Amino acid sequence: MDRFKLIKEVGDGTFGSVWRAINKQNGEVVAVKKMKRKYYSFEECMSLREVKSLRRMNHPNIVKLKEVIRENDILYFIMEYMECNLYQLMKDRVKPFAESDVRNWCFQIFQALAYMHQRGYFHRDLKPENLLVSKDVLKLADFGLAREISSAPPYTEYVSTRWYRAPEVLLQSSAYDSAVDMWAMGAIMAELLTLHPLFPGTSEADEILKICNVIGCPDEQTWPQGLSLAEAMKYQFPQIRGSQLSEVMKSASSEAVDLISSLCSWDPCKRPKAAEVLQHAFFKDCTYVPASVRPKAAGPPKTPPGVGARGLSGHIARRYSTGALSTSKPAANISIKPSSLSKIGVQRKLQLDRQAPQKSARPTESNTKQTTSRVPARNSPGNANPILRHSRSLPETGRATVQKVSTITEKLAHMSVTSRTRTAVKPPVPLLKAGHLKSDFLGKSDEIPPAKRLTRKLVS
Ligand SMILES: Nc1ncnc2c1ncn2[C@@H]1O[C@H](COP(=O)(O)OP(=O)(O)OP(=O)(O)O)[C@@H](O)[C@H]1O
């Protein structure tokens with residue numbers, strides 16, 4: 001690590017602290033993520049999901065892992081540096097972002113998702129904090145480490161973010177897939193457009209209630225599997241017709257509302273795939289698709305190989321070609337090069353009953369008993385949220401408006417996605433009542449005082 005000069009801590013997550021640093025050898029600014037737990041062998045580091053998945057990703061909208069260094073049993077990830085995350089951009093804002101900005105950002109993220117879903121990976125913890133920004137470039141970060149659950153607590157505990165958690169995960173489905181990322185993106189898009197979280201649940205049961213308040217409760221037509229999942233848990237959905245998303249997002253365009261409606265469909269099968277989303281009318285002005293997600297036959301890109309709908313200079317994409325894994329004890333260098341894709345893909349144990357062990361920027365649960373803290377959500381509307389005042393169901397899906405814009409994007413729509421199986425052991429299920437606020441599905445209370453309900457950071 002002598003090669004790097006740490007300048008400033010820029011992030012403190014559950015698993016690691018992140019620093020802006022300079023590579024003294026070439027002057028390059030990098031991000032150094034110093035992991036909080038110790039690693040006693042290089043093999044252990046190599047088996048981390050974050051390493052396994054990120055080293056296989058080479059996309060302009062996925063943060064590049066340059067090196068992995070183990071020194072004195074401490075693990076460091078050397079990554080490309082990004083200026084901030086989307087939550088930081090949102091939290092002090094009063095005026096919502098222009099829809100064109102949201103469009104450009106989301107277009108980039110959906111491209112990254114199309115790329116990784118095609119390769120059999122899905123993120124499972126999409127949230128504004130994990131979407132990093134530099135100028136108008138957005139990149140997905142924080143891959144899969146949280147799936148690495150076999151090591152000693154507390155740093156390997158799984159922490160997921162409730163506000164963006166898909167209903168099938170909330171209802172403890174034993175099999176779910178990349179559609180969970182699509183749900184999270186719907187919630188994130190809405191939050192970007194309104195500066196308010198769309199489903200700010202204070203517990204898992206309240207999370208489902210918040211969802212029902214917006215999109216109405218599911219029925220045999222909209223999500224039969226969901227009713228079965230609920231029945232298996234002895235959970236009763238609150239009988240709510242829901243609001244109108246356009247009322248919650250008054251200034252959003254009909255295309256934005258339509259896309260969010262389809263992304264936040266109860267039934268994961270009814271959510272569009274990432275590649276389909278790129279063809280949605282909301283993105284009609286965004287035509288650039290990076291070479292990395294184009295079918296090989298499509299030829300070279302017509303715009304520079306940058307990122308985002310606006311396109312960026314080519315040097316950015318070229319920076320991401322190689323990297324090295326290294327350790328100083330014992331010395332060993334291993335090249336990062338894309339290897340054959342794992343058929344297992346992302347595996348992350350989901351623990352739904354308790355809260356995050358420590359610093360986590362969002363309402364989360366993990367399998368520790370520690371309480372968690374939250375920082376206030378900017379402009380959190382609380383009960384003033386208009387979703388609580390309206391009662392009309394959303395359209396089942398907005399897929400009808402998906403438009404075909406090019407041969408390339410048409411081909412993208414046929415990208416395959418590998419399903420994954422959740423490995424969590426299910427504990428006994430208590431009887432749950434609709435809208436139950438006192439305890440979570442697994443019987444552990446995570447209710448917090450009303451004044452703190454709509455805050456983001458969980459406190460010990
Ligand atoms: N490459 C980077 N460049 C700049 N900042 C970064 C980078 N990677 C992460 N960060 C910052 O550090 C924060 C924490 O990083 P990260 O999410 O990887 O840690 P974590 O311990 O896995 O967090 P979590 O609690 O979400 O699981 C991010 O929200 C972001 O603000």
Side-chain angles (χ1 to χ4, degrees), residues 4 6-23 28-37 48-51 53-54 57 59-68 74-91 112 123-135 137-149 151 153-165 184 188 316 319-320 323 346 348-351 355-368 370 372-375 456-460:
F4 299 95
L6 302 188
I7 308 291
K8 187 183 174 207
E9 190 181 47
V10 293
D12 187 15
T14 310
F15 302 97
S17 58
V18 180
W19 291 71
R20 185 158 65 89
I22 289 183
N23 182 335
E28 186 183 19
V29 176
V30 293
V32 173
K33 183 169 175 177
K34 180 183 175 189
M35 303 308 287
K36 290 181 174 175
R37 57 152 290 202
L48 285 174
R49 292 290 175 184
E50 188 161 23
V51 177
S53 56
L54 262 183
M57 301 289 154
H59 188 276
N61 299 112
I62 295 178
V63 75
K64 188 70 186 170
L65 178 64
K66 293 166 174 284
E67 289 182 60
V68 176
I74 296 174
L75 181 62
Y76 303 88
F77 293 150
I78 313 299
M79 300 176 288
E80 64 175 310
Y81 179 74
M82 300 292 288
E83 284 161 11
C84 63
N85 66 49
L86 263 191
Y87 170 63
Q88 290 167 329
L89 273 194
M90 282 194 286
K91 71 179 164 51
H123 192 284
R124 295 202 222 198
D125 195 16
L126 289 179
K127 55 183 174 181
E129 290 90 334
N130 287 339
L131 304 180
L132 305 186
V133 190
S134 270
K135 301 199 167 53
V137 179
L138 238 80
K139 301 196 185 207
L140 271 180
D142 194 8
F143 274 70
L145 176 63
R147 292 180 304 137
E148 210 284 300
I149 55 162
S151 306
Y155 303 123
T156 56
E157 300 297 348
Y158 172 70
V159 178
S160 68
T161 307
R162 191 190 314 121
W163 293 354
Y164 310 95
R165 190 179 301 160
I188 293 169
I316 293 175
R319 282 173 53 205
Y320 306 135
V346 175
R348 184 148 81 181
K349 184 175 177 182
L350 299 182
Q351 295 289 345
Q355 296 191 333
Q358 52 179 299
K359 294 183 181 180
S360 175
R362 292 297 180 120
T364 57
E365 291 91 23
S366 75
N367 57 358
T368 71
Q370 296 173 43
T372 47
S373 77
R374 304 167 174 208
V375 291
R456 291 173 107 84
K457 195 147 189 165
L458 303 176
V459 202
S460 303

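Indexing begins at 1, ligand by ligand and atom by atom, following the structure's order. These numbers were taken from a predicted model, which means no experiment stands behind them. Excluded from the calculations below are hydrogen atoms, water molecules and symmetry mates; all remaining heavy atoms, backbone and side chain alike, are included. This chain uses plain numbering: 1 for the first residue, then up along the sequence.
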Task: Test item: Leu131 and Tyr87 side chains (from C-beta on) under 4.5 Å apart, heavy atoms - done: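 They are not in side-chain contact.
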
- [ ] Check whether any side-chain heavy atom of Leu132 lies under 4.5 Å from a side-chain heavy atom of Val137, and answer yes or no.
- [x]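 Sidechains of Val137 and Leu132: no contact.
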
Which of the ligand 1 atoms, numbered from 1, are nearer than 4.0 Å to a heavy atom of [X]:
| X | value |
| --- | --- |
| Glu80 | 1 (N), 2 (C), 3 (N) |
| Met79 | 1 (N), 8 (N) |
| Gly16 | 21 (O) |
| Gly11 | 12 (O), 13 (C) |
| Glu129 | 28 (C), 29 (O) |
| Val63 | 1 (N) |
| Ala31 | 1 (N), 2 (C), 3 (N) |

Identify the heavy atoms of [X] and [Y] that sit nearest to each other, and give their distance.
| X | Y | result |
| --- | --- | --- |
| Glu67 | Phe4 | OE2-CZ, 3.8 Å |
| Asn85 | Glu129 | CB-O, 3.4 Å |
| Lys139 | Val63 | CB-N, 3.9 Å |
| Ala21 | Val32 | CB-CG2, 3.6 Å |
| His123 | Asp142 | NE2-O, 3.1 Å |
| Asp125 | Asn130 | O-ND2, 2.9 Å |

Task: Lys34, Lys127, Gln88, Arg20: member with heavy atom nearest to atom 26 (O) of ligand 1 - done: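 Answer by nearest heavy atom: Lys127.
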
TODO: Kindly identify the option in Met82, Lys33, Met35 whose heavy atom sits closest to atom 19 (O) of ligand 1.
DONE: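 It is Lys33 whose heavy atom sits nearest to atom 19 (O) of ligand 1.
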
Task: salt bridge (charged side-chain N to carboxylate O under 4.0 Å, His left out) between Lys36 and Asp12, worked out - done: CA-CA 10 Å; Lys36 290 181 174 175; Asp12 187 15; 2.8 Å; yes

At under 4.0 Å between heavy atoms, which part of [X] makes contact with ligand 1: side chain, backbone, both or neither?
| X | answer |
| --- | --- |
| Glu83 | neither |
| Asn130 | side chain |
| Thr14 | both |
| Ala141 | neither |

Open item on the list: Check this for me, if you would: do Glu80 and Lys66 make a salt bridge, where the nitrogen-to-carboxylate-oxygen distance has to be below 4.0 angstrom?
Closed with: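 Result for this pair is no, no salt bridge flagged.
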
Task: Any N or O of Asp142 closer than 3.5 Å to N or O of ligand 1 - done: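 In this structure, Asp142 places an N or O atom under 3.5 Å from an N or O of ligand 1.
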
Open item on the list: Any atom of ligand 1 sitting under 4.0 Å from a heavy atom of Lys139?
Closed with: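 It does not, in that no heavy atom of Lys139 comes within the 4.0 Å cut-off of ligand 1.
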
